[in-house]
**Q** 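One structure is given below, represented as structure tokens, and several questions about it will come after.
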2 protein chains.
Amino acid sequence: MRFETSTIKDIAKALGLSTSTVSRALRDRYEISEETKKLVLAYAEKVNYRANPIARSLKERRSYSIGIIVSEIANNFFSQVINGIESIAYDKDYHVIISQSHESYKQEKLNVDHLASRSIDGLLIALSSETQDIDYLRDLYAKGLPIVFFDRVPEDFETHKVIANNFKGSFDATEHLILSGKRTIAHLTNSENLSITKERLEGYKAALVKYHIEFRPELVKYCQHGGMHSAELEQAVKELLPLKPDGIFISSDRLTTGCIMALKKTNPEVAHKIAIAGFTNSNLVELFSPSLTSVKQPAFEMGQVATELLISMIEAKRPVTEFETKVLDTELVKKR
Amino acid sequence: MRFETSTIKDIAKALGLSTSTVSRALRDRYEISEETKKLVLAYAEKVNYRANPIARSLKERRSYSIGIIVSEIANNFFSQVINGIESIAYDKDYHVIISQSHESYKQEKLNVDHLASRSIDGLLIALSSETQDIDYLRDLYAKGLPIVFFDRVPEDFETHKVIANNFKGSFDATEHLILSGKRTIAHLTNSENLSITKERLEGYKAALVKYHIEFRPELVKYCQHGGMHSAELEQAVKELLPLKPDGIFISSDRLTTGCIMALKKTNPEVAHKIAIAGFTNSNLVELFSPSLTSVKQPAFEMGQVATELLISMIEAKRPVTEFETKVLDTELVKKR
DNA sequence: AACGTTTTTGGGAACGTTTGCACAGTTTTT
DNA sequence: AAAAACTGTGCAAACGTTCCCAAAAACGTT
């Protein structure tokens, strides 16, 4: 802001002290006498002194802020994760800067670079569905930027990661469909690049195996853009329907809602006949028609855990070399 | 970030120039010869020089970033506004910092103060439903921080504002209910503090007047917390139902979905008998059951317009004294 | 009384920029 | 040929902090 506000210098001048003394008094350093501290604190209070974070960042070469990259804040899963992140970050006096990749690799990279140049102290990121090449992240990491991945994590990147138990979530959802009598269960999923895609496919397959149902590759449809374009979904639905599925298991929030939308739009007559189970954190799922069985991820908690890990990396005195991948359980909410 | 990156000084040393020359060359100032400029630019490119925005902010006393305060990013209306804001801001080389008030006055004030201390160049804000006292914003504004309000705007604050045509939106929605034969139309709305609450109430009343329907104050229910707590909504529904409304007009995104949810939960047998029309920007509205008529706000555009106004204030050479309140039309999407 | 310790304070450089001013060298004007 | 104007560059201060190092003040110990 361009307007004048009182600085440490002003306080020093007014009190006849040096800036160093004032700075130390404000930070409650042991070297300063109680008397002086009180004096300074009282005056600072009086003139409503606020430390300038920009100057502090420049000097300390850190910003007390962490960057977040998600594909869309409009996605309930991500906005819940963000709330979890904020809850921890604010507690520990970090600020958060949110960026959206809109599932675009280019945008993701642009945002990360921008954040990095703004001296974020650490990065929390869920990869875009387009992202294949994460060398740019490796570079930053190698230069010392702490990174924690969540939800969509790369395989070959040694750092902390936080994910949902995607295998089990998918298994449970698929099993639920099977137990309610479905036998031709399609699987609509995200880009093949994503970790979550692979894990969820495995869960789906495992459930089929358990109930001796043959896995048919043609029943699996990938959406490269994560359902960002409705055309993509309508196409997938169009290809799937001739195979006469009696159930569909869908592996992401946006795809789940998008798929139901596409079904209703293109084939309203069958929309209610196909059982749907899908990952979604929408809090509106109870309003949906047709209703569905949903797999809810512990989004808020995921944000919290990821942030705790990140802050521990940021504040570690020596480089961290032991990394964890935390796996959080999902919750199956059955169709009413 | 704590890791080393090349600075203007490094370039200067390497090229045997002074930092001033390098700085000017990078900023393409007329005083520097083409030759030197080329040299500097080439070298900067080579070492992948990135200006340190922190240092720049400190020196220039501005940050090229604008702050946003909304109540919830999980709200479709707000996330669309944010997308609109970003689309303009990035174009003009501003970065955005998003904060959520969660409809709490305290949180709102905290966030604003935090943003202000981080030297944002301007503020875009939609007030929380709790907010009554905006003196803290007046102070900042008086000190020189440009502020543009959108959606939830205060009455007595001279600056740019961007709102939807709430009166017309409400009128249209209410009229639609009347034309489909409803006569006992309840109105569920936000906190009385909010500008949108008043304007939407007026639109509702005007439609009643036009069709000679008596206005009954007991049919209007206010939700102080904007529907953040489900108890609040269930209470409102409980009080409304004994009055036997055959239609409900709801005045905000969160309230609309929350009300349907409360209806389904507490009185599933009547949920489908009451016609609902409500403000919502949810892109899932087609999936809802019961289905409803929705009033969509031009959220993306609202973000764009507000940002353009804000940036014009930020970049104005002399204090702006002429302010506009832009009013954007809403769209009525009738129930199928 | 002289010295060593401990406690408290101040001076000043540094973080990476931007920019007013001065200055040297070149060109134009008188 | 001297004066004026213009070009291109560098010096140094400033933005608001933090922190190393030194200095001063207060206190103890012989």
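Each chain gets a letter, A, B and so on, in the order the sequences are listed, and its residues count up from 1.
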**Q** Is there a donor and acceptor pair closer than 3.5 Å between the side chain of R24(B) and the base of dG10(D)?
**A** yes
**Q** Is it true that D113(A) and K109(A) have a side-chain N and a carboxylate O under 4.0 angstrom from each other?
**A** yes
**Q** Counting only side-chain nitrogens and oxygens, does R50(A) get under 4.0 Å of the OP1 or OP2 atom of dG16(D)?
**A** no
**Q** For T21(B) and dT9(D), is the shortest distance between a side-chain N/O and OP1 or OP2 below 4.0 Å?
**A** no
**Q** Run the side-chain hydrogen bond (donor to acceptor under 3.5 Å, both in side chains) check on T131(B) and E108(B) step by step: do they pass?
**A** CA-CA 8 Å; T131(B) 302; E108(B) 173 183 292; 3.0 Å; yes
**Q** Could you check A55(B) against E31(B) and say which one's nearest nucleotide on DNA chain D is further toward the 5' end?
**A** E31(B)
**Q** What is the distance, to the nearest angstrom, from the CG atom on L39(B) to the C1' atom on dG8(D)?
**A** 14 Å
**Q** By nearest atom, which of the nucleotides dG10(D), dC15(D), dT8(C) is closest to the K9(A) side chain?
**A** dC15(D)
**Q** Is there, by distance only and without an angle test, a donor paired with an acceptor across the side chain of S20(B) and the base of dC11(D) below 3.5 Å?
**A** yes
**Q** Would you say the side chain of K59(A) and the base of dT17(D) hold a donor-acceptor pair, judged only by whether the two atoms sit under 3.5 Å apart?
**A** no
**Q** Between D10(B) and K13(B), does any side-chain N to carboxylate O distance fall below 4.0 Å?
**A** no
**Q** How is T7(A) classified with respect to the nucleic acid when contacts are heavy atoms under 4.0 Å: base, sugar-phosphate, or nothing?
**A** sugar-phosphate
**Q** Would you call the rings of F78(B) and F150(B) parallel, tilted or perpendicular, where under 30° means parallel and over 60° means perpendicular?
**A** perpendicular
**Q** Show your working on side chain to side chain contact (heavy atoms under 4.5 Å, CB included) between L310(B) and Y94(B) and close with a plain yes or no.
**A** CA-CA 11 Å; L310(B) 183 68; Y94(B) 282 83; over 6 Å; no
**Q** May I have the distance from Y30(B) (atom OH) to dT9(D) (atom P), rounded to whole angstrom?
**A** 13 Å
**Q** Taking the six-membered ring of F149(A), is NZ or CZ of R152(A) closer than 6.0 Å to its centre and within 45° of its axis?
**A** no
**Q** Taking the side chain of S33(B) as its heavy atoms from C-beta onward, which of dG16(D), dT9(D), dT18(D) lies nearest to it?
**A** dT9(D)
**Q** Can you figure out which of dT17(C), dT18(D), dT9(D) approaches the side chain of T36(B) most closely?
**A** dT9(D)
**Q** Please tell me which of the listed nucleotides, dG8(D), dC15(C), dT17(C), lies nearest to the side chain of L58(A)?
**A** dC15(C)
**Q** What is the distance, rounded to the nearest whole Å, between atom CD of E35(B) and atom P of dG8(D)?
**A** 10 Å
**Q** Output the rounded distance in Å from CZ (R61(A)) to C1' (dC19(D)).
**A** 14 Å
**Q** Indicate, with a heavy-atom threshold strictly under 4.0 Å, whether S23(A) touches base, sugar-phosphate, or nothing.
**A** base
**Q** Nearest of dG10(C), dA12(D), dG16(D) to any side-chain atom of T19(B)?
**A** dA12(D)
**Q** Does any nucleotide pair with dA13(D) by Watson-Crick or G-U wobble geometry, both distances under 3.5 Å, and what is it?
**A** dT18(C)
**Q** I32(A) side chain: which of dT9(C), dT9(D), dG16(D) is closest?
**A** dT9(C)
**Q** Assign R27(A) to base, sugar-phosphate, or nothing according to its heavy-atom contacts below 4.0 angstrom with the strands shown.
**A** sugar-phosphate
**Q** List the steps and the verdict of side chain to side chain contact (heavy atoms under 4.5 Å, CB included) for R50(B) and T5(B).
**A** CA-CA 8 Å; R50(B) 327 239 54 186; T5(B) 110; 5.7 Å; no
**Q** Rounded to the Å, how far apart are D28(A) CG and dT8(C) P?
**A** 13 Å
**Q** Classify the nucleic acid contact of I8(B) as base, sugar-phosphate or nothing, counting any heavy atom under 4.0 Å across all strands shown.
**A** sugar-phosphate
**Q** For the pair made of OH in Y64(A) and C1' in dC15(C), what is the distance, rounded to whole Å?
**A** 14 Å
**Q** Expressed in angstrom and rounded to an integer, what is the separation of D10(B) atom CG from dG16(C) atom P?
**A** 8 Å
**Q** With respect to the phosphate group of dT17(D), does any side-chain polar atom (N or O) of Y49(A) fall under 4.0 Å of OP1 or OP2?
**A** yes
**Q** In this structure, how many angstroms lie between the P atom of dC15(D) and the CD atom of E60(A), rounded?
**A** 20 Å
**Q** Hey, does L17(B) reach any base, or is it just sugar-phosphate, or nothing, if we go heavy atoms under 4.0 Å?
**A** sugar-phosphate
**Q** Reckon R29(B) has a side-chain N or O less than 4.0 Å from the OP1 or OP2 of dT19(C)?
**A** yes
